[in-house]
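One structure is given below, encoded as structure tokens.
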Amino acid sequence: MQATVKILGEDYAIECADCDQRRLEDLATALEARLQAFSGDASAMRRLVLTSLGLIDEAQATSAALARARCEIERLTDMLVEAQLEAQTPEPPDT
């Protein structure tokens, strides 16, 4: 699928999966807000926009992966603490 996003008044057609279209639009919106102060020839601006979209996408993907890793570390830590607490609990005597 091809998504078209508008950044600084220019349309950019980018190939993406259907499920990534909304994400690409959000990235373009964030990028446009950051590029308001830049100007230059169209070719240089096009390269800047496409490179920036890629970098923002990588940064967001990395951030999401780190958040998932933190959750998994917390889950495993909780399991370890529970196992250690269970191991320390003395068995009741047989009567």
Practice item. Check Leu31 against Val49 and note the closest heavy-atom contact, atom names and distance. Key: CD2-O, 3.5 Å
Practice item. Quick one: closest heavy-atom pair of Ala3 and Leu24, and the distance? Key: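 Where Ala3 meets Leu24 most closely, the heavy atoms are CB-CD2, 3.8 Å.
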Review point. Linking Ile, Leu, Val, Met, Phe, Trp and Tyr through side-chain heavy atoms less than 4.5 Å apart, which residues share a cluster with Ile73?
Key: none
Review point. Tell me, do Ile7 and Tyr12 make a side-chain contact under 4.5 Å, heavy atoms counted?
Key: yes
Point to revise | Flag side-chain contact, heavy atom, 4.5 Å: Glu15 against Met1 | key: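 No, side chains not in contact.
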Once rounded to the nearest 0.5 Å, what's the spacing between atom [atom1] of [X] and atom [atom2] of [Y]?
{"X": "Leu80", "Y": "Arg75", "atom1": "CG", "atom2": "CZ", "result": "12.0 Å"}
{"X": "Glu25", "Y": "Arg23", "atom1": "CD", "atom2": "CZ", "result": "12.5 Å"}
{"X": "Gln84", "Y": "Met79", "atom1": "CD", "atom2": "CE", "result": "12.0 Å"}
{"X": "Asp20", "Y": "Ile14", "atom1": "CG", "atom2": "CD1", "result": "11.5 Å"}
{"X": "Glu72", "Y": "Arg70", "atom1": "CD", "atom2": "CZ", "result": "14.0 Å"}

Review point. Should Ile56 and Leu8 be regarded as members of a common hydrophobic cluster, given that ILVMFWY residues are connected when their side-chain heavy atoms come within less than 4.5 Å of each other, either directly or indirectly?
Key: yes
Check your understanding: Honestly curious: do Leu55 and Leu53 fall in one hydrophobic cluster under the side-chain, below-4.5 Å linking rule?
Key ->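 Leu55 does not cluster with Leu53.
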